[in-house]
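If you're wondering where the values come from, they're calculated on a predicted model, not measured in any experiment. Every chain is numbered from 1 and lettered A, B, ... according to where its sequence line falls, protein lines coming before strand lines.
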Amino acid sequence: MKGKYYITTAIAYTSKTPHIGNTYEAVLADAIARFKRLVGYDVFFLTGTDEHGQKIENQAKEMGISPKEHVDNIAAEVKEIWDFMGTSYDKFIRTTDDYHEKAVQKIFEKLYKQGDIYKGSYEGWYCTSCESFYTEGQLTDGKCPDCGDPVEKAKEEAYFLKLSKYQDRLMKHIEDNPEFIQPESRKNEMVNNFIKPGLQDLCVSRTSFTWGIPVTFDEGHVIYVWIDALSNYITALGYDTENNALLFNKYWPANVHLIGKDILRFHTIYWPIMLMALGLELPKQVFGHPWLLQGTDKMSKSKGNTIYAKQLVDHFGVDAVRYYLLHEMPFANDGSLTYGLLIERINAELANILGNLVNRTIAMSKKYFDSKVMAPTELEDIDKELIDLALATPGKALSSMDHLKVAEAISHVFELLRRSNKYIDETFPWLLAKDENKKERLGTVLYNLLESIRFSAVMLSPFMPETSKKIFSQLNTKVTDWDSLEQFNGMKPGDTLGEGEILFARIDAEQKLAELDEENAKNTPSDDIEIVSKPEITIDDFDKVDIRVGKVLECKKLPKSKKLLVSKVKVGNQVRQIVSGIANYYEPEDMVGKNVMVIINLKPVKLCGELSEGMIMAAQDEDDKLVVCSPESQVKAGSVVS
RNA sequence: CGCGGAGUAGAGCAGUUGGUAGCUCGUCGGGCUCAUAACCCGGAGGUCAGGGGUUCAAGUCCCUUCUCCGCAACCA
């Protein structure tokens with residue numbers, strides 16, 4: 001054993017079925033976990049689901065089921081997907097698990113007792129009808145994002161975690177451990193945007209919803225997501241504030257937390273500080289992996305471009321999908337997935353390079369030697385070249401994997417496969433077969449090929465476990481351990497090979513794409529936007545809103561901001577300054593002269609230092625694109641809209 | 001001037017401490033027939049975003065401009 005290796009994924013939020021992008025993270029973690037096991041580490045691979053929070057509470061209410069039922073459903077789906085993707089997790093934690101909830105409560109108590117969590121108050125906007133608190137940014141149009149009612153400024157009691165106290169220690173840790181935050185560019189983002197400006201204490205409790213872990217010593221307070229979700233990495237191992245379970249003592253600290261780049265902040269700032277406060281070691285590394293895009297777009301349900309793992313696996317098989325995810329994702333930049341690209345990779349690499357090599361080698365062995373493995377004899381230079389590459393490849397893969405460069409590790413193996421294909425052309429086995437005197441040479445050539453394939457299959461097993469298994473069965477070998485790659489003699493002369501079988505059939509791209517299109521068309525009921533209406537209002541409510549026609553007199557960009565335009569709008573006998581977030585869609589000169597609809601009785605506010613006295617109405621389509629609303633024909637500025 | 005990253009062949013990307021510009025796909029031509037119309041070889045295709053500088057030598061270091069992206073701020 002080379003020691004322990006503890007790897008985690010982020011826990012999936014149980015508000016909707018995870019798409020292929022979410023699945024990517026689990027597969028990536030799995031590949032690393034399997035690789036580490038293969039090379040001799042004692043691995044613990046944790047994944048799971050994050051199941052609390054207001055969003056889930058609300059969703060459940062809408063569906064008319066209990067939150068628990070709701071999360072049970074989704075958690076089961078997540079688990080099912082992880083399972084058919086072949087992820088070899090050692091534990092699947094759910095934040096609604098009993099032991100987790102108890103441990104989180106103890107953590108909260110401990111931090112409170114030692115003064116790292118204190119009770120304070122949280123100023124925000126309160127919506128009476130929803131009994132909810134919102135921050136400035138959560139409000140839509142200055143009103144409750146949920147029900148649209150007016151909100152009022154209010155204070156709420158809440159618990160806070162003292163981040164500032166640990167700020168310097170965190171900074172030092174990041175500086176002393178350059179590998180702590182990966183990739184590097186992310187580290188700079190965290191340090192410059194958050195740590196250097198100074199950390200604000202973090203609100204770690206809520207009273208606005210109940211679907212969460214209760215604070216034991218203060219009724220009505222629920223532990224907010226940070227402490228609840230992040231703690232899973234230690235509670236899963238049986239962490240306890242008083243005496244820790246064996247697992248915890250053995251595996252903590254984590255070697256790597258694998259997470260999406262979007263939640264890097266929580267894992268590189270809040271989580272380390274929590275751990276420091278608990279007196280625990282920090283994880284060795286946090287890797288914020290890039291995102292998987294559908295073509296060049298972010299996947300989203302509203303765009304209807306969501307690709308689910310299930311469909312891909314049904315059509316292409318698990319290992320092909322795993323291969324794509326693991327090999328096509330760059331280390332730091334977002335990757336892209338389309339059906340077309342997937343098919344291209346399957347054909348070019350899996351079918352042509354890998355599958356065909358195995359197939360032709362097994363076929364020749366059968367044809368020339370009745371599937372017997374021959375003993376290699378004298379080696380020629382060309383043989384040595386192949387063997388040297390085979391022997392060198394495990395080291396290369398190992399080193400790539402040490403830096404989590406999974407795609408690179410796979411490429412090394414494919415180099416060997418390509419070299420093997422070339423070796424066939426260089427040695428002309430079919431000619432050797434015609435000459436009885438060259439039987440021995442032919443046997444040697446085939447032996448070298450079989451052994452190279454065995455090498456490749458061993459190295460590929462963390463990435464494509466099923467495929468490796470199939471190859472081993474075709475080779476009829478049980479020598480599949482990593483150490484067997486130290487010598488080029490794993491295949492045993494005299495053994496009989498198994499039956500040949502196509503590993504990856506070539507796919508007719510055109511036909512397959514048509515098939516998928518048809519299937520997706522069937523499953524996408526309609527393009528229409530689903531309407532979830534805000535609560536009914538009376539004519540009196542509506543009457544409170546004063547909408548007028550205005551004419552844009554001048555308009556300029558707000559240099560400090562990317563999205564904001566500042567317009568001077570003539571409304572009747574007044575000229576108002578209005579700031580709008582439309583800079584991505586309109587040039588200032590486009591706006592000048594336009595007649596627009598303006599809400600004139602919104603409370604004025606300052607945005608990026610500029611006063612905004614109203615709102616220009618704009619329609620927002622699914623891509624978040626904004627289109628300014630104008631009256632159909634000329635109307636005098638100041639006219640009432642109703 | 002908020003912080004950071006990126007701009008290299010038609011596409012997707014590599015290019016460690018500066019020393020002849022590479023890989024995969026595609027394309028064109030050739031070879032081979034064991035194999036899944038597969039495999040192997042070769043050709044074409046790049047003022048390494050633009051401009052300046054340091055150096056015997058710059059994709060690589062420095063300055064500057066432009067364009068994309070991420071984070072932050074913000075979307076009345």
>> Nearest whole Å is fine: how far is rG5(B) C1' from Leu264(A) CG?
In response: 14 Å
> Rounded to whole angstroms, how far apart are CG on Leu431(A) and P on rC34(B)?
Replying inline: 9 Å
>> Rounded to whole Å, please give me the gap between CD in Glu408(A) and C1' in rA14(B).
In response: 9 Å
> Reckon Ile599(A) touches a base, only the sugar-phosphate, or nothing at all at heavy-atom distances under 4.0 Å?
Replying inline: nothing
> Between Phe316(A) (CZ) and rU36(B) (P), how many Å, whole number?
Replying inline: 22 Å
> Hey, where does RNA chain B pair up into stems, meaning at least three consecutive Watson-Crick or G-U pairs with distances under 3.5 Å?
Replying inline: B:2-7 with B:66-71, B:10-13 with B:22-25, B:27-31 with B:39-43, B:49-53 with B:61-65
>> By the 4.0 Å heavy-atom rule, please label Arg419(A) as base, sugar-phosphate, or nothing.
In response: nothing
> Want to settle it: does Glu344(A) or Tyr368(A) sit nearer the 5' end of RNA chain B, counting the closest nucleotide to each?
Replying inline: Glu344(A)
> Looking only at atom P, what distance separates rU8(B) and rA14(B), rounded to whole Å?
Replying inline: 11 Å
> Going by modelled atom types, is there a donor-acceptor pair between the base of rA35(B) and the side chain of Asn356(A) at under 3.5 Å?
Replying inline: yes
> Mind checking the C1' distance from rU54(B) to rU64(B)? Whole angstroms is fine.
Replying inline: 15 Å
>> Nearest whole Å is fine: how far is rU24(B) P from Glu349(A) CD?
In response: 10 Å
> To the nearest angstrom, how far is Trp430(A) atom CH2 from rA38(B) atom C1'?
Replying inline: 12 Å
> Using 4.0 Å as the upper bound for N to carboxylate O, is an ion pair formed by Glu408(A) and Lys396(A)?
Replying inline: no
>> Testing Glu349(A), Glu328(A), Arg345(A) one by one against Tyr323(A) for a side-chain hydrogen bond (donor to acceptor under 3.5 Å, both in side chains), which residue passes?
In response: Glu349(A)
> Do Thr444(A) and Asp383(A) have side-chain N/O donor and acceptor atoms under 3.5 Å apart?
Replying inline: no
> Between rA72(B), rU33(B), rC40(B), which nucleotide gets closest to the side-chain atoms of Asn421(A)?
Replying inline: rC40(B)
>> With rounding to the closest Å, how many angstrom separate the C1' atoms on rG10(B) and rG5(B)?
In response: 26 Å
> Do Arg548(A) and Asp546(A) meet the salt-bridge criterion of a basic N to acidic O distance under 4.0 Å?
Replying inline: yes
> Could you give the CD-to-P distance, from Gln474(A) to rA35(B), as a whole number of Å?
Replying inline: 15 Å
>> For a quick test of reading the model: is some side-chain N or O of Arg360(A) closer than 4.0 Å to OP1 or OP2 of rC39(B)?
In response: no
> Any ion pair linking Lys512(A) and Glu515(A) (charged N to carboxylate O, less than 4.0 Å)?
Replying inline: yes
> Are Lys439(A) and Phe369(A) in a cation-pi contact, defined as NZ or CZ under 6.0 Å from the six-membered ring centre and within 45° of the axis?
Replying inline: yes
> For atom C1', what is the distance between rC48(B) and rG18(B), given to the nearest Å?
Replying inline: 14 Å
> Between Trp226(A) and Tyr270(A), how do the two ring planes meet: parallel, tilted or perpendicular, split at 30° and 60°?
Replying inline: tilted
> Expressed as a whole number of Å, how far does the P atom of rA57(B) sit from that of rC41(B)?
Replying inline: 38 Å
>> Just to be sure I understand the rule, does Phe414(A) reach a base, reach only the sugar-phosphate, or reach nothing, if contact means heavy atoms closer than 4.0 Å?
In response: nothing
> Quick one: is Asn352(A) getting a side-chain N or O under 4.0 Å of the rC39(B) phosphate, OP1 or OP2?
Replying inline: yes
> Which whole number of Å gives the distance between the C1' atom of rC61(B) and that of rU55(B)?
Replying inline: 10 Å
> With respect to the phosphate group of rA38(B), does any side-chain polar atom (N or O) of Arg418(A) fall under 4.0 Å of OP1 or OP2?
Replying inline: no
> Contact class for Asn359(A) vs. all strands (heavy atom < 4.0 Å): base, sugar-phosphate, or nothing?
Replying inline: base
>> Looking only at the side chain of Arg506(A) (C-beta and beyond, no hydrogens), which of the listed nucleotides rA38(B), rC40(B), rC25(B) gets closest?
In response: rA38(B)
>> Quick check: on RNA chain B, is the nucleotide nearest Ile502(A) upstream (toward 5') of the one nearest Arg265(A), or the reverse? Name the residue that is more 5'.
In response: Ile502(A)
> Rounded to the Å, how far apart are Lys366(A) NZ and rA35(B) P?
Replying inline: 12 Å
> Looking only at atom C1', what distance separates rG30(B) and rA11(B), rounded to whole Å?
Replying inline: 25 Å
> Expressed in whole Å, how much space separates the P atoms belonging to rG19(B) and rG4(B)?
Replying inline: 27 Å
> Charged N to carboxylate O under 4.0 angstrom, Asp176(A) versus Lys172(A)?
Replying inline: yes
> How close do Ala320(A) and Leu342(A) get, heavy atom to heavy atom, and via which atoms?
Replying inline: O-CD1, 4.1 Å
> In terms of side-chain heavy atoms of Lys422(A), which of rC34(B), rC41(B), rU36(B) is nearest?
Replying inline: rC41(B)
